[in-house]
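The figures here come from the full heavy-atom set of this structure, side chains too, leaving out hydrogens, waters and symmetry mates.
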Amino acid sequence: MVEILSSNLFQNLILLVTVVVTVYIYYGRKRQNLSNAVSILSLQIRDIEDNIESLIAEGLIGDQLQERALHYSTIIYEENYWLKYNHLIAGRVDAQTYGVLDNFYKIAFKIREQQLMIKNKLLQSMDYKGMYYYNGIFSRVNGILDKQDGVENDKLLDVCKAEVSLLQSLYNHDIANPPAFIQVELVRGLSKKLEQYHKITDGVAFSKLLKLKQEYFLCF
């Protein structure tokens with residue numbers, strides 16, 4: 001028994017088994033990584049399409065930007081998973097399929113870029129409106145206090161409340177709430193990028209992407 005265990009044939013057999021197991025684990029891990037990448041990409045592509053189509057339906061009506069819809073719009077994506085996983089897809093699909101997927105993400109990136117710039121402008125506008133609103137209140141109230149020496153506190157409070165109420169009514173009125181200043185280039189840029197968008201989940205490229213996961217299961 002000792003002789004068998006110490007023989008070159010047995011040691012070579014152990015080495016061969018070790019190599020086979022290592023190779024199996026390596027390729028199994030690669031197939032698992034590919035399967036995970038396909039799942040993540042397919043889910044994100046569907047989310048991107050939903051977010052872009054919501055932007056098309058609600059964010060722009062003609063050439064008019066819809067401030068509220070843009071402000072509350074969901075960011076096209078948080079992390080670009082295509083940049084993270086495209087190396088796993090390359091070589092496993094034909095060049096045309098890869099090109100469709102790559103172009104989809106490039107357009108999504110450009111739309112996201114315009115969306116974020118406009119959202120930042122809207123937030124900036126809201127900050128400015130809030131700043132001038134509160135400046136208006138404090139300056140008018142301070143002006144009343146400076147001019148009303150000797151006036152009873154109750155009367156003074158009523159005058160201040162009336163001034164605050166006046167400013168509130170003004171800032172709730174369209175005249176005192178002009179549209180946010182968004183450069184026309186940003187609106188046109190968003191509009192043009194949205195025109196370049198094409199849904200791919202109902203196309204051949206997306207089907208071929210999903211097939212990669214089916215091929216993974218067939219390997220086991």
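- In this structure Asp94 satisfies the salt bridge (Lys or Arg N to Asp or Glu O under 4.0 Å) test together with Lys208, sequence neighbours excluded.
- The salt bridge (Lys or Arg N to Asp or Glu O under 4.0 Å) test applied to Lys106 returns Asp102, not counting sequence neighbours.
- Of all heavy-atom pairs spanning Arg92 and Leu212, the tightest one is O-CD2, 3.6 Å.
- Taking hydrophobic clusters as Ile, Leu, Val, Met, Phe, Trp and Tyr residues chained together by side-chain heavy-atom distances below 4.5 Å, Leu210 shares a cluster with Ile89.
- With Arg46 contributing its side chain and Thr201 its backbone, the two residues share no donor-acceptor pair below 3.5 Å.
- The structure places OG1 of Thr74 at 12.5 Å from CD1 of Ile48, a figure rounded to the nearest 0.5 Å.
- Here ring pair (Phe, Tyr, Trp, His ring centres under 6.0 Å) pairs that include residues 93-121, with residues two or more places apart or in two chains, are Trp82-Tyr98, Trp82-Tyr105.
- By the side chain to side chain donor-acceptor pair (under 3.5 Å) test, Ser207 pairs with no residue at all, sequence neighbours left out.
- Separation of atoms OH (Tyr81) and CG (Leu41) is listed at 10.0 Å; rounding is to 0.5 Å.
- Considering all non-hydrogen atoms of both residues, Leu83 and Asn86 come closest at O-OD1, 3.9 Å.
- In this structure, Gln44 CD and Ile76 CD1 are separated by 11.0 Å, a value rounded to the nearest 0.5 Å.
- Checking side-chain atoms of Ser39 against main-chain N and O of Ser35 turns up a donor-acceptor pair under 3.5 Å.
- Taken to the nearest 0.5 Å, the CZ atom of Arg188 stands 7.5 Å off from the NZ atom of Lys192.
- The local environment of NZ in Lys119 is crowded, with over 12 non-hydrogen atoms from other residues, nucleotides or ligands closer than 6.0 Å.
- The CG atom of Leu122 sits 6.0 Å away from the CG atom of Leu70 when rounded to the nearest 0.5 Å.
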What do the steps show when you test Asn51 against Ile75 for side chain to side chain contact (heavy atoms under 4.5 Å, CB included), and what is the final call? CA-CA 7 Å; Asn51 294 336; Ile75 301 300; over 6 Å; no

Could you walk me through whether Val38 and Leu209 pass the side chain to side chain contact (heavy atoms under 4.5 Å, CB included) check? CA-CA 7 Å; Val38 171; Leu209 176 67; 4.2 Å; yes

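- Between the CG atom of Leu88 and the CD1 atom of Ile40 there is a distance of 10.0 Å, given to the nearest 0.5 Å.
- Every residue two or more places apart in sequence or in another chain was checked for a salt bridge (Lys or Arg N to Asp or Glu O under 4.0 Å) with Lys193, and none qualifies.
- Put simply, the side chain of Gln66 gets close to the backbone of Gln64: a donor and an acceptor are under 3.5 Å apart.
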For residues 52-61, dump all side-chain donor-acceptor pairs below 3.5 Å to protein atoms at least two apart in sequence or in another chain.
from, atom 1, to, atom 2, distance (Å)
Glu53, OE2, Tyr197, OH, 2.7
Ser54, OG, Asp50, O, 3.0

